[in-house]
Amino acid sequence: MSSEGAKEDCLGWAARDPSGLLSPYKFSRRTVGSDDVSIRITHCGVCYADVGWTRNMSGRSKYPLVPGHEIVGIVKQVGSSVQRFKVGDHVGVGTYVNSCRECEYCNDGLEVHCEKMVLTFDGIDTDGTVTKGGYSSHIVVHERYCFRIPENYPMDLAAPLLCAGITVYTPMIRHKMNQPGKSLGVIGLGGLGHMAVKFGKAFGLKVTVLSTSISKKEEALSLLGADHFIISSDLEQMKAIAKSLDFIIDTAAGDHPFDPYMSLLKTGGILALVGVPSEVKFSPASLNLNMRTVTGSVTGGTKNTQEMIDLCAVQKIYPNIEVIPIDYANEALERLIKRDVKYRFVIDIENSLK
């Protein structure tokens, strides 16, 4: 059922054009199918993807566009075949809401890599409709793409786990960056970077934050618990920790040189790129001479996502957030562009979307 359907039963905030300006918008969600879960949204995290899509940075945005893919809420209705959820459960929805459910990636719980994966917003679903995200009052999603949020985990804090959290958790697990005593470097200290620090400490790693901004030193060490802080533009500081890191998580979105960071890896070290600079350039010697690896990653599959949420609940790993009302969303996106947030905006949908 499209937004032009018979009943506009959902209230959201949408961008109408590449200005990205968000304003109230009524539309309809599809009827709950046998495998679907209808979720009353309570909170939605604000991701840089919301900036990119609302402003048509990829050239493919379809308007009106309702952003938001860090969604948390309460189940209000389930389809007749739903097995995993019941009315009243706390659930989350991340960056995708559908896939083929037949390919090798889906079978391995890596749905995010399915060729038919459908994005949570601005994707084309199997019925031909354009998906709309979590800056809205409710959403209808196949149960496979919903995640159980433990009752003891605060719902506002759960939202950033669905993109920022899983984006760094996935390569950390895949490349065994969870071995106590190993050393991890984190490039960038935003929404993704601060979660990489938290996971690193939870895994028992020695964590070094690599930043161009001295202003982030105190928060990295005192607030987030990193072990070391290095100004990456200071050649002497960088030289002092050459070949000392087992792993690096690179969350920086802006363009930056790679060879200086590669020099910090031990022989056989791994750099996982989760940010999206416009280009990646480094000398082949940075790889070859010390058997180093550069790898990329995006969010994560359903298996890893639920595993991460459960880990956060058990170990009390919480994102640092700033809760905002929906009518502050435009200002929040502007502040996000300026990196003026510590460390994730979360919209209080439940109490502000009227």
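Worth saying up front: this structure is predicted, and the values here are computed from it rather than measured.
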For K206, salt bridge (Lys or Arg N to Asp or Glu O under 4.0 Å) partners two or more places apart
none
The single option from H142, R30, R29 passing side chain to side chain donor-acceptor pair (under 3.5 Å) against D36
R30
Correct closest heavy-atom pair for P277 and A252 would be CD-O, 4.0 Å
Within residues 345-354 or reaching into it, pairs that qualify as side-chain hydrogen bond (donor to acceptor under 3.5 Å, both in side chains) - sequence neighbours excluded:
R40-E350, D348-N351
Pairing residues for R55 by the salt bridge (Lys or Arg N to Asp or Glu O under 4.0 Å) criterion, not counting sequence neighbours:
E334
For this output row, return yes or no: ring centroids of Y25 and W13 closer than 6.0 angstrom.
no
With sequence neighbours excluded, give me every salt bridge (Lys or Arg N to Asp or Glu O under 4.0 Å) pair touching residues 91-102.
none
Tell me the side-chain hydrogen bond (donor to acceptor under 3.5 Å, both in side chains) pairs involving residues 224-237, sequence neighbours left out?
K201-D227, S232-Y261, D234-Q237
Quick one: salt bridge (Lys or Arg N to Asp or Glu O under 4.0 Å) partners of K62, sequence neighbours excluded?
D122
All pairs passing salt bridge (Lys or Arg N to Asp or Glu O under 4.0 Å) where residues 135-164 contributes a residue, at least two apart:
D89-R148, E111-R144
Residues passing the side-chain contact (heavy atoms from CB on, under 4.5 Å) test with V314, sequence neighbours excluded, are none
Considering only NZ, NE, NH1 and NH2 on the basic side and carboxylate oxygens on the acidic side, decide whether D108 and K303 come within less than 4.0 Å.
no
How about S297 and R174: does a side-chain donor come under 3.5 Å of a side-chain acceptor?
no
Tell me who clusters with I124, hydrophobic residues only, linked when side chains sit under 4.5 Å apart either directly or through other members.
V130
side-chain contact (heavy atoms from CB on, under 4.5 Å) partners of Q77, counting only residues at least two apart:
V32, S38
Centroid separation H69 to F121 less than 6.0 Å
yes
Following the transitive rule for hydrophobic clusters with a side-chain heavy-atom cut-off under 4.5 Å over Ile, Leu, Val, Met, Phe, Trp and Tyr, establish whether V140 and V78 coincide in one cluster.
no
Check the angle between the aromatic planes of Y169 and F203 and answer parallel, tilted or perpendicular using the 30° and 60° thresholds.
tilted
Side-chain heavy atoms of F345 within contact of I321, under 4.5 Å:
no
Do any pairs count as a salt bridge (Lys or Arg N to Asp or Glu O under 4.0 Å) and have a residue in residues 317-332, sequence neighbours left out, and if so which ones?
E322-R335
Where do N290 and K266 land on the side chain to side chain donor-acceptor pair (under 3.5 Å) test, with the steps shown first?
CA-CA 7 Å; N290 288 282; K266 295 178 181 179; over 6 Å; no
Any salt bridge (Lys or Arg N to Asp or Glu O under 4.0 Å) involving residues 183-195? Give me the pairs, sequence neighbours left out, ordered by first then second residue.
none
